[in-house]
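Notes for the one structure printed next.
All of these numbers come straight from a predicted model, not from anything done at the bench.
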There are 2 protein chains.
Amino acid sequence: MVAEKVFTQLRRGTLEFCVLALLQGEPRYGFELVKALGEVDGLVTTEGTIYPLLARLRREGLVETSWRESESGPPRRYYTSTAEGGQALAAFTADWQRFCASVDAILENGRRG
Amino acid sequence: MVAEKVFTQLRRGTLEFCVLALLQGEPRYGFELVKALGEVDGLVTTEGTIYPLLARLRREGLVETSWRESESGPPRRYYTSTAEGGQALAAFTADWQRFCASVDAILENGRRG
DNA sequence: TCCGCTACCATGCGACACAAGGTACCTGTC
DNA sequence: GACAGGTACCTTGTGTCGCATGGTAGCGGA
């Protein structure tokens, strides 16, 4: 479908906070996040997107990391949301709802003509 | 507000179709669109964004243009949605709703922890 | 005459998602 | 014990798109 390109643009700005939401209360590692997002409609992504994104979140102090051995395979870097990450997520959630309401209103308007 | 940056990313991909929605049934010119979007929360934008965007829509055949004299000031280039533009808008609206549902679900999940 | 408004457009930049490729470790098979 | 394949990490280069900036031109008021 050509419409996949649309989602690529829509993901911008939201993916970051979807990851943050997935990390609330539950530490996860990069590969796991890719698989979790892959199951959600419109949020399919790859490692090439996730790792730079996680590095950014870490630089901004929104997540913390720790290495853990795996029972099978290489060690994993687990990501945990900080308190600051939780606040950022809450702020975004509010912004997101405002934004959705605005877009919905305009699209609705357009449908009527 | 620093949060303005968030909206910059959220606008990606949606702005294009918000413009298309505003053009449904009613021809408008560029400057008018900037003012119309400026009144909507989270969609404030400038000419530097709108004109390249309109040029893109025109290249893709989603809008058509015509010049009209203005009673006061320089002539205006009016943009009208084509049938193809209407179809693209309908397709996007469906994608947008799916995407919103996905993001809402993940954000909700994160809030519970 | 000169400032400011309306209205158009072009150029260059930065942020971000993604494709592609690279490293390293473990497991199973021949 | 060599080697294919899976897991998991990360880096580099590319393309898109919103936006800042700036430039042109006509009109009206001080």
query: Out of Ile50(B), Leu22(B), Thr65(B), which residue meets the side-chain contact (heavy atoms from CB on, under 4.5 Å) rule with Tyr79(B)?
result: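 The side-chain contact (heavy atoms from CB on, under 4.5 Å) with Tyr79(B) is passed solely by Thr65(B) among Ile50(B), Leu22(B), Thr65(B).
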message: Using a heavy-atom cut-off of 4.0 Å across all strands, would you classify Gln9(A) as base, sugar-phosphate, or nothing?
response: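 Since only primed, P, OP1 and OP2 atoms lie under 4.0 Å of Gln9(A), the category is sugar-phosphate.
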query: How is Tyr79(B) classified with respect to the nucleic acid when contacts are heavy atoms under 4.0 Å: base, sugar-phosphate, or nothing?
result: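 Sugar-phosphate, backbone atoms only, no base.
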Integer-rounded Å distance: [N] [atom2] and [X] [atom1]:
X: Glu32(B); N: dC8(C); atom1: CD; atom2: C1'; result: 15 Å
X: Arg59(A); N: dT11(D); atom1: CZ; atom2: P; result: 10 Å
X: Leu43(B); N: dG18(D); atom1: CG; atom2: P; result: 11 Å
X: Leu33(A); N: dA17(C); atom1: CG; atom2: C1'; result: 16 Å
X: Leu53(B); N: dA10(C); atom1: CG; atom2: C1'; result: 15 Å
X: Glu69(A); N: dA24(C); atom1: CD; atom2: P; result: 17 Å
X: Glu47(B); N: dG18(D); atom1: CD; atom2: P; result: 16 Å
X: Ile50(B); N: dT6(C); atom1: CD1; atom2: P; result: 17 Å

- request: Inspect the contact between Glu60(A) and Arg58(A) and indicate whether a charged nitrogen and a carboxylate oxygen are less than 4.0 angstrom apart.
  value: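 Salt bridge between Arg58(A) and Glu60(A), a charged N being under 4.0 Å from a carboxylate O: no.
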- request: Please confirm whether Arg77(B) makes a cation-pi placement over Tyr29(B), using NZ or CZ under 6.0 Å from the six-membered ring centre and within 45° of the ring normal.
  value: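 No, Arg77(B) does not sit over the ring of Tyr29(B).
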Counting only side-chain nitrogens and oxygens, does [X] get under 4.0 Å of the OP1 or OP2 atom of [N]?
X: Arg12(B); N: dA15(C); result: no
X: Thr45(B); N: dC19(D); result: yes
X: Thr49(B); N: dG18(D); result: no
X: Lys5(B); N: dG18(D); result: no
X: Arg56(A); N: dA15(C); result: no
X: Tyr29(A); N: dA8(D); result: yes
X: Lys35(B); N: dA7(C); result: yes

- request: Would you kindly compare Thr14(A) and Arg77(B) by the position of their nearest DNA chain C nucleotide and give the one closer to the 5′ end?
  value: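 Its nucleotide being nearer the 5' end, the pick is Arg77(B).
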Toward the 5' end of DNA chain C, by each residue's nearest nucleotide, Arg11(A) or Pro52(B):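 Between the two, 5'-proximity favours Pro52(B).
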query: Would you call the rings of Phe99(A) and Phe7(B) parallel, tilted or perpendicular if under 30° counts as parallel and over 60° as perpendicular?
result: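 Correct class here is tilted.
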task: Could you check Arg58(A) against Pro74(B) and say which one's nearest nucleotide on DNA chain D is further toward the 5' end?
output: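 Between the two, 5'-proximity favours Arg58(A).
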message: Return whichever of Gly48(B) or Phe31(A) has its heavy-atom-nearest nucleotide of DNA chain D closer to the 5' end.
response: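 Its nearest nucleotide being more 5', the pick is Phe31(A).
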- request: Determine the minimum heavy-atom distance between Leu62(A) and Leu20(A), stating which atoms define it.
  value: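 Looks like O-CD1, 4.0 Å.
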query: Will you find, in the side chains of Glu64(B) and Thr80(B), an N or O donor that is under 3.5 Å from an N or O acceptor?
result: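 Absent: no donor and acceptor within the cut-off.
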- request: Identify which nucleotide among dT16(D), dC9(C), dT11(D) has an atom closest to any side-chain atom of Tyr51(A), counting heavy atoms from C-beta outward.
  value: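 Closest nucleotide to the Tyr51(A) side chain: dT11(D).
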field: Polar pair under 3.5 Å, donor/acceptor by atom type, side chain Glu16(B), base dC17(D)
entry: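 No, the side chain and the base share no sub-3.5 Å donor-acceptor pair.
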